[in-house]
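Take a look at the structure below.
To find a chain, count down the sequence lines: A is the first, B the second, and so on, and within it residues start at 1.
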Amino acid sequence: GQNIDQPTEMTATEGAIVQINCTYQTSGFNGLFWYQQHAGEAPTFLSYNVLDGLEEKGRFSSFLSRSKGYSYLLLKELQMKDSASYLCAVPGTGRRALTFGSGTRLQVQP
Amino acid sequence: EAQVTQNPRYLITVTGKKLTVTCSQNMNHEYMSWYRQDPGLGLRQIYYSMNVEVTDKGDVPEGYKVSRKEKRNFPLILESPSPNQTSLYFCASSSPGQGALEQYFGPGTRLTVT
């Protein structure tokens with residue numbers, strides 16, 4: 001089965017950098033996703049990592065270490081609109097849907 | 001516009017009264033899923049479907065049914081809703097041809113069972 005751990009809440013300041021960590025255990029690795037979810041809204045896709053290393057996409061970057069079962073999402077130049085939950089997810093073995101972590105609620109303060 | 005739609009968006013009902021939440025996608029995706037989201041528990045998969053007439057249980061299937069008679073539609077059926085099914089429900093679709101299994105989510109259905 002899959003097990004995903006993320007911090008429950010984080011607070012950061014507008015303009016700063018924040019790193020949201022995710023550790024996972026899965027019997028078969030098929031990549032790792034990060035989603036953003038604003039309160040009461042649907043999750044939206046941020047990134048997908050299947051190989052080790054850092055992938056940068058604008059202000060957001062995602063890192064993966066398969067040997068350590070570890071990923072992080074890096075948000076730079078934080079804006080107030082970045083206040084949201086960030087969900088780490090991995091595909092289930094043999095299934096075609098995702099297993100999600102509980103999510104990290106990020107609050108950006110002025 | 002590529003999208004996943006759900007109806008209704010909000011529903012308040014009483015225990016035991018059968019209800020159906022519809023889900024439709026216009027992207028010709030093979031895979032569709034239903035999730036529920038509860039505070040502190042995150043998104044949990046209820047059922048998924050790999051194609052027409054192919055469905056399988058997710059992590060929390062008890063009390064739910066699904067059907068996939070057409071590729072675009074994947075309704076979620078609660079035969080006898082109970083208060084513990086009060087939750088925020090999301091339908092999602094994806095395609096294996098995209099390689100990355102990126103899920104496209106519907107806007108959500110907030111269900112309250114009294």
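Within residues 77-86 of chain A, no residue has any heavy atom less than 4.5 Å from a heavy atom of chain B.
Around CZ of B/R110, the count of heavy atoms belonging to other residues, nucleotides or ligands within 6.0 Å does not exceed 12. Enclosure of atom CZ in A/R105 is not indicated, since only 12 or fewer non-hydrogen atoms of other residues, nucleotides or ligands lie within 6.0 angstrom.
Through direct or relayed side-chain contacts under 4.5 Å between Ile, Leu, Val, Met, Phe, Trp and Tyr, A/Y72 connects to A/I17, A/L54, A/F63, A/Y70, A/L74.
Minimum interatomic distance between A/S102 and B/G40 (heavy atoms only, all atoms of both residues): OG-O, 3.7 Å.
The aromatic ring centroids of B/F105 and A/F45 lie 6.0 Å or more from each other. For A/F100 and B/Y35, the ring centers sit closer than 6.0 Å to each other.
In this structure, B/Q45 CD and A/T99 OG1 are separated by 6.5 Å, a value rounded to the nearest 0.5 Å. If you take CZ on B/F90 and CD on A/Q37, they are separated by 5.0 Å, rounding to the nearest 0.5 Å. A distance of 13.0 Å separates CD of B/Q103 from OG1 of A/T44, quoted to the nearest 0.5 Å.
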Donor-acceptor contacts under 3.5 Å from residues 8-23 of chain B side chains, at least two apart:
residue	atom	partner	partner atom	Å
B/R9	NE	B/G108	O	2.9
B/T15	OG1	B/T114	O	2.7
B/T22	OG1	B/N7	O	3.2

Show me the donor-acceptor pairs within less than 3.5 Å that the side chains of residues 75-82 of chain B make with the rest of the protein, sequence neighbours left out.
residue	atom	partner	partner atom	Å
B/E79	OE2	B/K65	NZ	2.9
B/S82	OG	B/N84	OD1	2.5

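In the hydrophobic clustering of this structure, B/Y31 does not group with B/V52; members are Ile, Leu, Val, Met, Phe, Trp, Tyr whose side-chain heavy atoms approach within less than 4.5 Å, directly or through other members.
Of the two parts of B/L41, only the backbone, made up of N, CA, C and O, holds a non-hydrogen atom closer than 4.5 Å to a non-hydrogen atom of chain A. Heavy atoms closer than 4.5 Å to chain B are found nowhere in A/I4, neither backbone nor side chain.
When A/P43, A/G31, A/A42 are compared by the number of non-hydrogen pairs under 4.5 Å with chain B, A/P43 comes out ahead.
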